[in-house]
2 protein chains.
Amino acid sequence: MDDKTMQPLLQHMLCLDLYAANQAVHRVYKPLLAPLGLTYLQYLVMVGLWEKDPLSVSEIGARLGLESNTLTPMLKRMEAAGLITRRRDPGDERRVNISLTTEGDEMRAAAGEIQRCLMEATGRSEAELLRFQEDLRGLIGNVRRAADDG
Amino acid sequence: MDDKTMQPLLQHMLCLDLYAANQAVHRVYKPLLAPLGLTYLQYLVMVGLWEKDPLSVSEIGARLGLESNTLTPMLKRMEAAGLITRRRDPGDERRVNISLTTEGDEMRAAAGEIQRCLMEATGRSEAELLRFQEDLRGLIGNVRRAADDG
DNA sequence: AGCCTTTAGATCGTATACGATATAATCGTA
DNA sequence: TACGATTATATCGTATACGATCTAAAGGCT
């Protein structure tokens, strides 16, 4: 086994493909979200709020794998854009409840079409995507456990 | 079909899983790379240079899907850290050749072990990972084509 | 009640990302 | 050979990410 095979070749690295896949998906979303004035991450927050409203900052963080250091500035931008409101929870003053404004709620109508575009962009059937997603989630679980242990 | 099924549920969104997968891998790498003083992205650049040296900025960009607006500042940081050198190509003064310093080249030795840790973190066999990677690359290709067309 | 710990957000500094734009070098072609 | 188009990199502004640290509120325990 020579030097070449001992080192991680870029073309063999799964991490790079995950990086590239995420980037590619991000790039499909951007032009679809631009007319709504939403970034990719902001869209993911909106999807969460369309499911359940209100959500605390940490509840949003649990869904997206992010913490207040990333979320607080972004949520302030979304508040300034008139998409959401931020209010201290009366029952627990540590928590900040995030709610959709009327304007934010009305964007929900555009989301179905965006999701359809994404499905189509993958060139896969719904069944294929579900199988792939299941595989991906198993891998995520393993990697997260490894990160927490190590 | 009610409102709920018309909207993209967060738990069904593949994009979120790709986002989470990338994040999880990133988090496994970080502590492994910290002793080397490398960020995740800087590591990916180093891997490229361990394969071929020198590389131009755009050659690195083609491998990582990034452009000079991201790479130039990062490469300057790597230069300041003594990992690489940046020199204009004498044959084409538009190009900037990136080369490893002796210190940068010597880090190569640590890369094999890091790669092994990552493989292990996935909890998958090499064959399983290759199959998954092939699937992922197919999906990336489709999504990129969709992004370029649309 | 007093006090220690935990929890939820916020802040700061640094490092990606990327659209838009600028600049200089090279190329193509009339 | 002049000159518009293209190419390679750099710069700027804004938006993520995240480790480290701070503050305030809540919880637990004596």
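Order of the sequence lines fixes the chain letters, A, B, ..., with proteins taken first and strands second; residue numbering starts at 1 for each chain.
- Dashed line: the shortest gap from a side-chain N or O of A/Tyr19 to OP1 or OP2 of C/dT16 is not under 4.0 Å.
- In the displayed structure, A/Glu134 atom CD is contacted under 6.0 Å by at most 12 heavy atoms of other residues, nucleotides or ligands.
- Smallest separation of non-hydrogen atoms from B/Leu75 and B/Arg86: O-CD, 3.8 Å.
- Spacing between atom CD of B/Glu79 and atom C1' of C/dA15 amounts to 17 Å, rounded to whole angstrom units.
- Taking only distance into account, the side chain of B/Asn69 meets the base of C/dG19 through a donor-acceptor pair shorter than 3.5 Å.
- Rounded to whole Å, the distance from CG on A/Leu38 to C1' on D/dT14 is 16 Å.
- No side-chain donor-acceptor contact under 3.5 Å links A/Asn142 and B/Thr122.
- Counting any heavy atom pair closer than 4.0 Å across all strands shown, B/Leu66 reaches sugar-phosphate atoms only and no base atom.
- When the C1' atom of D/dA8 is taken as reference, atom CG of B/Asp92 falls 8 Å away, rounded to whole Å.
- B/Glu67 comes within contact range of no nucleotide atom at all, as no heavy-atom separation falls under 4.0 Å.
- At the heavy-atom level, A/Gln23 lies under 4.0 Å from the strands shown only through sugar-phosphate atoms.
- Note on A/Ser58: a side-chain N or O is less than 4.0 Å away from OP1 or OP2 of C/dG9.
- One interatomic measurement links the two molecules: CD of A/Glu59 to P of C/dT7, which rounds to 16 Å at whole-angstrom precision.
- For the pair B/Arg95 and A/Met74, both in contact range of DNA chain D, the more 5′-proximal nearest nucleotide belongs to B/Arg95.
- The environment of CD in A/Glu59 is crowded: more than 12 heavy-atom neighbours from other residues, nucleotides or ligands sit within 6.0 Å.
- When the side-chain nitrogen and oxygen atoms of B/Arg88 are compared with OP1 and OP2 of D/dT9, none of them lie within a distance under 4.0 Å.
- Residue-level contact check: B/Thr70 touches the bases, meaning some heavy atom is under 4.0 Å from a base atom.
- Here A/Arg86 reaches the OP1 or OP2 of C/dA10: one of its side-chain N or O atoms lies under 4.0 Å away.
- Note: OH (A/Tyr40) to P (C/dG19) measures 15 Å, nearest angstrom.
- In this structure, the CD1 atom of A/Ile98 is 13 Å from the C1' atom of C/dA10, given to the nearest Å.
- In terms of phosphate contacts, A/Arg94 brings no side-chain nitrogen or oxygen within less than 4.0 Å of OP1 or OP2 of C/dT6.
- A sub-4.0 Å separation between OP1 or OP2 of D/dT16 and a side-chain N or O of A/Arg77 is present.
- Taking only side-chain nitrogens and oxygens, B/Thr72 comes nearer than 4.0 Å to OP1 or OP2 of D/dA10.
- Considering CD1 of A/Ile98 and OG of A/Ser56, their distance stands at 8.0 Å, rounded to 0.5 Å.
- Atom CG in B/Leu33 sits about 15 Å away from atom P in C/dA15, given to the nearest Å.
- Each of A/Leu75 and B/Asn22 was assigned the nucleotide of DNA chain C with the nearest heavy atom; the assignment lying further toward the 5' end belongs to A/Leu75.
- In this structure, A/Ser56 reaches the C/dG9 phosphate: one of its side-chain N or O atoms is under 4.0 Å from OP1 or OP2.
- As a whole-Å value, the separation of B/His26 NE2 from D/dC18 P is 7 Å.
- Under 4.0 angstrom from either OP1 or OP2 of C/dT16 there lies at least one side-chain N or O belonging to B/Thr39.
- Within a 6.0 Å sphere centred on CZ of B/Arg116, other residues, nucleotides and ligands contribute more than 12 heavy atoms.
- Projected onto DNA chain C by closest heavy-atom contact, A/Lys76 and A/Lys30 fall at different nucleotides, the more 5' of which corresponds to A/Lys76.
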